[in-house]
Amino acid sequence: MNQDKQVEISSGTFVNSNNPSSLSLKRILIVTSVPAEQEAVIRGLNGAEGFDVLVGGVGAVFAAASTARTLATTKYDVVICAGIAGGFIGKADVASVVVANEMIAADLGAETPEGFLSLDELGFGSVRIPVDITLAKRVTEALKVSGLPTHTGSILTVSTVTGSAETAAAIASRVVGATAEAMEGYGVATAAQQFEIPVLEIRTISNPVGPRDRSAWRIKEALEALEKVSSVLVEVLR
């Protein structure tokens with residue numbers, strides 16, 4: 001990977017792994033939230049052409065702005081939001097992989113005496129953005145063949161990370177199929193949707209969704225899994 005070719009974009013750093021002469025190749029943008037995730041992805045790509053890796057920032061707003069700015073200047077065939085995340089207990093264990101079948105802004109809506117109302121229920125838009133299902137299935141199958149424990153389900157985007165068992169249970173009961181929780185996917189997907197580009201979200205699990213027990217976090221293992229995921233993407237998407 002040529003790491004000398006770096007351009008500051010919004011809140012993060014953009015690393016271009018493409019050979020400028022290889023413009024006929026399929027081009028994939030991978031958006032991470034922090035440098036540690038970007039570095040894991042780059043290690044996994046191992047210099048493969050056709051992949052650009054962006055640190056988009058933490059949270060849906062930063063991720064959407066960074067992704068949109070990149071998509072406005074460069075043509076891509078696929079956008080992937082990738083990184084580590086929390087997994088819902090019984091749905092995705094630590095160090096496993098989740099490939100989204102839907103990206104959902106889980107806390108975008110209104111609190112009412114009767115309970116939470118999503119943007120859809122309020123009639124102001126949708127909190128759900130579909131992924132490219134065909135591509136998601138291909139990626140999922142390839143990850144399983146590689147030996148990585150891989151799940152398919154909804155990956156939730158939240159503005160406030162869940163910190164209690166009660167909140168985790170409430171979200172899981174409200175959002176059917178909730179499998180993992182992170183902070184950027186919906187933002188990345190919104191930008192990709194505006195440019196009519198297929199989008200995926202792939203997360204490796206560092207901790208259970210629920211009480212914030214830092215001693216139970218397995219960030220190193222999740223980043224190692226993210227590196228392995230990225231090496232599989234080279235085989236699937238090239």
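For clarity, every value in this text was computed on a predicted model and none was experimentally measured.
Here the shortest heavy-atom pairing between Leu148 and Val97 reads CB-CG2, 4.3 Å. Across all non-hydrogen atoms, the minimal contact from Ser159 to Asp107 is N-OD2, 2.8 Å. Considering every non-hydrogen atom in both Glu201 and Ala182, the closest pair reads OE2-CB, 4.4 Å. Taking both residues in full, the closest heavy atoms of Ala191 and Ala64 are given as CB-O, 3.7 Å, listed atom of the first, atom of the second, then distance. The heavy-atom pair separating Ala136 from Ala100 by the smallest distance is CB-O, 4.0 Å. Taking every heavy atom of both residues into account, Thr157 and Ala60 meet most closely at CG2-CB, 4.1 Å.
Residues Val199 and Gln193 form no side-chain contact, since every pair of their non-hydrogen atoms from C-beta on lies 4.5 Å or further apart. When side chains are defined from C-beta on, Leu143 counts as touching Val229, because their heavy atoms get closer than 4.5 Å. Counting heavy atoms from C-beta on, the side chains of Ile202 and Leu233 come closer than 4.5 Å. A 4.5 Å side-chain heavy-atom check between Asp52 and Thr70 finds every atom pair outside the cut-off.
With hydrophobic clusters built from ILVMFWY side chains whose heavy atoms lie under 4.5 angstrom apart, Val158 does not share a cluster with Val61. Hydrophobic clustering keeps Ile219 apart from Val94 (ILVMFWY residues linked when any side-chain heavy atoms are closer than 4.5 Å, directly or through intermediates). A continuous path of hydrophobic side-chain contacts links Ile28 to Val53 [ILVMFWY only; heavy atoms under 4.5 Å]. When the side chains of ILVMFWY residues are joined at heavy-atom separations under 4.5 Å, either directly or via intervening members, Val145 and Val236 end up in two distinct hydrophobic clusters. Under a hydrophobic clustering in which Ile, Leu, Val, Met, Phe, Trp and Tyr are joined whenever their side-chain heavy atoms come within less than 4.5 Å, directly or via other members, Val131 and Ile80 fall into the same cluster.
Taking CG from Asn101 and OG1 from Thr179, the interatomic distance works out to 7.0 Å, rounded to the nearest 0.5 Å. With rounding to the nearest 0.5 Å, the separation of CG in Leu108 from CZ in Phe124 is 11.0 Å. Atoms CD1 and OG1, on Ile129 and Thr190 in that order, are 3.5 Å from each other to the nearest 0.5 Å. Atom CD in Glu181 sits 12.0 Å away from atom CD1 in Ile104 (nearest 0.5 Å). Considering OG of Ser33 and CD1 of Ile84, their distance stands at 7.5 Å, rounded to 0.5 Å. Here the OH atom belonging to Tyr186 is positioned 10.5 Å from the CE atom belonging to Met103, to the nearest 0.5 angstrom.
At least one donor-acceptor pair under 3.5 Å links the side chain of Asp77 to the backbone N or O of Arg27. Between the Thr74 side chain and the Leu71 main chain, no donor and acceptor come within less than 3.5 Å of each other. A donor-acceptor pair is defined here as one N or O able to donate and one able to accept, closer than 3.5 Å; no such pair exists between the side chain of Glu184 and the backbone of Cys81. In this structure, Thr67 contributes its side chain and Ala63 its backbone to a donor-acceptor pair below 3.5 Å.
Tested against Leu54 for a side chain to side chain contact (heavy atoms under 4.5 Å, CB included), the candidates Thr32, Val79, Val31, Val41 yield a single pass: Val31.
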Donor-acceptor contacts, no H, no angles, side chain residues 164-175, under 3.5 Å, sequence neighbours left out:
| unit_1 | atom_1 | unit_2 | atom_2 | d |
| --- | --- | --- | --- | --- |
| Ser164 | OG | Thr167 | N | 3.1 |
| Ser164 | OG | Thr167 | OG1 | 2.9 |
| Ser173 | OG | Ala169 | O | 3.2 |
| Ser173 | OG | Ala170 | O | 2.8 |
| Arg174 | NH1 | Ala106 | O | 3.0 |
| Arg174 | NH2 | Ala106 | O | 3.4 |

Run the side-chain contact (heavy atoms from CB on, under 4.5 Å) check on Phe88 and Leu156 step by step: do they pass? CA-CA 10 Å; Phe88 283 89; Leu156 311 187; 3.8 Å; yes
Give the C-alpha distance, both sets of side-chain angles, the deciding distance and a yes or no for side-chain contact (heavy atoms from CB on, under 4.5 Å) between Val234 and Leu45. CA-CA 6 Å; Val234 174; Leu45 295 176; 3.7 Å; yes
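For residues 212-223, the set of pairs meeting the salt bridge (charged side-chain N to carboxylate O under 4.0 Å, His left out) definition, not counting sequence neighbours, comprises Lys220-Glu224.
Qualifying salt bridge (charged side-chain N to carboxylate O under 4.0 Å, His left out) partners for Glu37, counting only residues two or more places apart in sequence or in other chains: none.
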